[in-house]
2 protein chains.
Amino acid sequence: MGRSGRVTLSDVAKASGVSRATVSFVLNDDPRQTISAATRERVLEAAQDLGYVPHGIARALREGSSRVVVLNVDWGMEGNFSRSYVRGLDEELAEHDHILLVRHGHANPEATQKVLDTIVPRAVLRLGEVYLRGEEPTDEDWERGFAANAALQIRHLAERGHTRIAMALPDHDFPLTGARLGFAQETARQLGIPPLERFVVPRPREAGAAAVEAFLAAHGDVTALAAFDDDIALRSITALRDLGRRVPDDVAVIGFDETEYGSLTTPALTTVHIDAEILGRIAARAVLGIDTEGLAPVPGRVVVRESV
Amino acid sequence: MGRSGRVTLSDVAKASGVSRATVSFVLNDDPRQTISAATRERVLEAAQDLGYVPHGIARALREGSSRVVVLNVDWGMEGNFSRSYVRGLDEELAEHDHILLVRHGHANPEATQKVLDTIVPRAVLRLGEVYLRGEEPTDEDWERGFAANAALQIRHLAERGHTRIAMALPDHDFPLTGARLGFAQETARQLGIPPLERFVVPRPREAGAAAVEAFLAAHGDVTALAAFDDDIALRSITALRDLGRRVPDDVAVIGFDETEYGSLTTPALTTVHIDAEILGRIAARAVLGIDTEGLAPVPGRVVVRESV
DNA sequence: GCGTCCTACTAGATCGATTAAGTACCCCAT
DNA sequence: ATGGGGTACTTAATCGATCTAGTAGGACGC
């Protein structure tokens with residue numbers, strides 16, 4: 001046992017009277033080796049007794065990468081989607097002997113490179129897109145699940161009789177922005193309603209109100225707002241109320257990616273709840289090269305409250 | 001250059017016509033070695049030309065730990081505090097050639113052990129406490145900054161004439177809960193106001209209202225609520241309004257750790273803004289064994305809006 | 001001319017695992 | 001009795017950097 005207090009392969013080898021190689025074969029169940037039952041038993045027992053745990057760094061050096069997956073999460077993407085996605089990713093990776101670590105902040109290439117150089121993870125993902133290493137995972141499923149959710153938001157408004165719908169957006173883009181907008185627009189087209197107008201709801205509160213006011217002045221026929229996320233939805237509701245517009249009677253508002261705060265406002269926010277756990281699991285498997293069959297994304301659902 | 005496409009020390013050594021050891025000495029500026037200016041120059045140039053970057057895993061194996069610090073963030077701790085803390089930690093670590101990676105979820109020992117075994121980070125911290133490895137950092141400063149913030153909340157209410165103050169808490173504890181409560185109580189004592197009562201504001205909305213109602217029925221003299229965080233504060237305000245109580249006239253509410261949502265409600269939430277960036281930097285230095293002089297925690301400030 | 005010291009390096013062990021290549025032994029067929 | 005083949009292992013190379021222990025060569029003193 002090294003002075004680091006760690007039990008190494010050599011310790012197990014010594015304790016069970018075989019070579020390091022044999023121990024490695026046994027512990028990794030190497031199918032190309034034939035190990036007698038007796039030896040296998042002795043090795044396993046010794047490993048158990050000594051409390052041997054493989055040294056991830058040594059293994060990573062040999063194998064070419066560590067059993068780590070890094071996920072980049074941009075600031076401002078904390079929501080139910082993000083949370084459930086992270087949970088699914090984390091759990092699925094754990095089930096395959098890997099760990100998930102998250103990097104927060106705007107994902108820039110140098111930072112990613114630094115991570116790559118420092119721990120050589122199996123993959124670096126970005127919330128909303130697959131980012132580096134490994135062959136491109138088939139994120140058709142991903143897109144499909146995601147597209148469905150985007151459609152849900154527009155569809156709900158249409159079902160409630162709204163035909164003039166605008167999208168309220170944050171003042172900077174997220175990885176998903178483009179796709180979201182595309183899917184929403186496509187949904188409008190399919191439903192036979194006019195193309196969705198777009199506008200940005202900035203902070204702080206006053207600026208938001210001004211933006212909403214300006215937008216409605218130019219587009220008086222709009223009766224419903226589909227917000228990029230609950231944050232924007234809440235800002236929109238506040239702006240509308242500050243402007244003396246009634247929600248949902250004058251203008252309806254629907255959020256996206258349920259936040260708890262949405263249930264606390266007056267009127268309470270109608271929004272889309274997304275459980276991305278399966279998406280996280282799918283991403284995990286894609287990264288590890290395991291097939292993803294049997295994992296169907298959970299469809300989103302509309303949480304009907306008062307704002308639509 | 002190995003087939004992995006990586007430029008290694010050996011490549012640099014070959015290119016500059018010296019041994020690997022010499023390259024290592026030059027690149028690490030080993031003070032125990034004497035290297036001629038000419039050689040140093042050649043090595044540096046070769047490293048530059050080839051784009052050599054040390055392999056973090058190999059280095060970690062040799063050095064005993066990787067240049068990574070892991071931070072555990074419990075679910076539900078996403079706020080301004082968390083964000084600024086993470087930013088400070090991340091930046092300070094980056095300045096000392098380390099990287100920060102975050103683990104989300106409830107911090108359990110097995111998960112931490114897994115991280116330790118997989119990448120052997122320099123340290124595993126937990127948002128709100130120092131967790132493992134290295135000598136215990138002097139978090140007196142930390143506590144001091146944190147204590148000051150807790151005090152600020154109570155003090156603000158007292159300054160507005162409130163003497164019967166209760167603390168509204170979430171339904172489960174965070175790493176900081178105990179300390180927070182202690183500091184708040186101590187502040188009340190110092191200000192000469194009665195001990196703070198405590199109660200939990202659960203979800204969903206109706207349960208929250210019921211809890212607030214029950215509490216006020218038992219403690220009719222309470223005129224102000226100091227919430228554990230903005231989330232609880234917002235739930236409290238909603239509960240109070242649902243019960244027909246006016247905020248702040250009947251009951252004042254102050255939040256903690258400013259959320260953006262607080263500015264969007266009616267009445268807008270008065271809260272405590274905490275910039276924990278310096279705390280993050282201090283934690284980083286403590287972990288790396290660098291002295292933390294010159295880093296003074298930024299005092300928190302009350303964001304006065306309408307709820308107090 | 002020999003020992004000593006200094007400069008400027010190099011050789012090789014080391015961290016802890018994985019794995020290709022090899023070896024010893026026994027069994028069985030020819 | 002000899003070769004082929006399977007079983008059950010071992011030896012040693014390898015991943016890439018760090019660092020101890022050594023060495024070659026020159027200067028200097030006496």
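Reminder, nothing fancy here: chain letters follow the sequence lines and each chain counts from 1.
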Exercise for the section: Using a cut-off of strictly less than 4.0 Å, decide whether A:S24 has a side-chain nitrogen or oxygen near OP1 or OP2 of C:dA17. Expected result: no
Exercise for the section: Find the distance B:D30:CG to D:dA17:P and express it as a whole number of Å. Expected result: 16 Å
Exercise for the section: Would you please say whether a donor-acceptor pair under 3.5 Å links the side chains of A:S65 and A:R122? Expected result: yes
Handout entry: Cation-aromatic face contact B:R40/B:F25, 6.0 Å, 45 degrees
Key = no
Exercise for the section: Calculate the interatomic distance between A:L50 atom CG and C:dA17 atom C1'; express it in whole Å. Expected result: 16 Å
Practice task
With heavy atoms under 4.0 Å as the rule, sort B:V18 into base, sugar-phosphate or nothing.
Solution key: sugar-phosphate
Handout entry: B:K114/A:D97 salt bridge by N-O under 4.0 Å criterion
Key = yes
Handout entry: Residue-phosphate contact under 4.0 Å: B:T22 side-chain N/O, C:dC9 OP1/OP2
Key = no
Practice task
Please evaluate the base of D:dT18 for a donor-acceptor partner in the side chain of B:R20 within a cut-off of under 3.5 Å?
Solution key: yes
Problem - base_contact_polar (D:dC15 base, A:E63 side chain, donor-acceptor, <3.5 Å) - result: no
Fill in the blank from the handout: Regarding the side chain of A:P54, the nearest nucleotide among C:dA17, D:dG16, D:dC19 is C:dA17
Exercise for the section: Send over the distance from A:H55 NE2 to C:dA17 P, rounded to a whole Å. Expected result: 7 Å
Practice task
Find which nucleotide of DNA chain D each of A:S19 and B:V53 is nearest to by heavy atoms, and output the residue with the more 5' nucleotide.
Solution key: A:S19
Problem - B:A58, nearest nucleotide to its side chain (from D:dT10, D:dG16, C:dT10) - result: D:dG16
Practice task
Look at the side-chain N and O atoms of B:Y52 and state whether any lies under 4.0 Å from the OP1 or OP2 oxygen of D:dA17.
Solution key: yes
Problem - Under 3.5 Å donor-acceptor, A:R6 side chain and A:V53 backbone - result: yes
Problem - Per A:R62 side chain, nearest of listed nucleotides D:dC9, D:dG16, D:dA13 - result: D:dA13
Problem - Length of the line joining A:L9:CG and C:dT19:P, which is rounded to integer Å - result: 12 Å
Exercise for the section: Whole angstrom is fine here: how far is it from NZ in A:K14 over to P in C:dA17? Expected result: 12 Å
Problem - Interatomic distance where CD1 belongs to B:I57 and C1' belongs to C:dT18 [whole Å] - result: 15 Å
Exercise for the section: Return the value, rounded to whole Å, for the distance between atom CZ of A:R6 and atom C1' of C:dT14. Expected result: 17 Å
Handout entry: Donor + acceptor pair across side chains of A:H104, B:H104 (<3.5 Å)
Key = yes
Fill in the blank from the handout: Side-chain atoms of B:Q33 come closest, of C:dC9, D:dA8, C:dG16, to C:dC9
Exercise for the section: Can you figure out which of D:dT18, C:dA17, C:dA20 approaches the side chain of A:F25 most closely? Expected result: C:dA20
Problem - Nucleotide of D:dC15, D:dT18, C:dT10 approaching B:A21 most closely (side-chain heavy atoms) - result: C:dT10
Problem - Interatomic distance, A:L61 CG vs D:dT18 C1' [rounded to whole Å] - result: 13 Å
Exercise for the section: Quick one: label B:S36 by what it contacts on the DNA or RNA (base, sugar-phosphate, nothing), any heavy atom closer than 4.0 Å. Expected result: sugar-phosphate
Exercise for the section: Measure from the side-chain heavy atoms of B:N28 and tell me the nearest of D:dC19, C:dT18, D:dT18. Expected result: D:dT18
Exercise for the section: Would you indicate whether A:E95, at its atom CD, is surrounded by more than 12 heavy atoms from other residues, nucleotides or ligands within a distance under 6.0 Å? Expected result: yes
Exercise for the section: Determine the contact category for B:R32: base if any of its heavy atoms lies under 4.0 Å from a base atom, sugar-phosphate if only primed atoms, P, OP1 or OP2 are that close, otherwise nothing. Expected result: sugar-phosphate
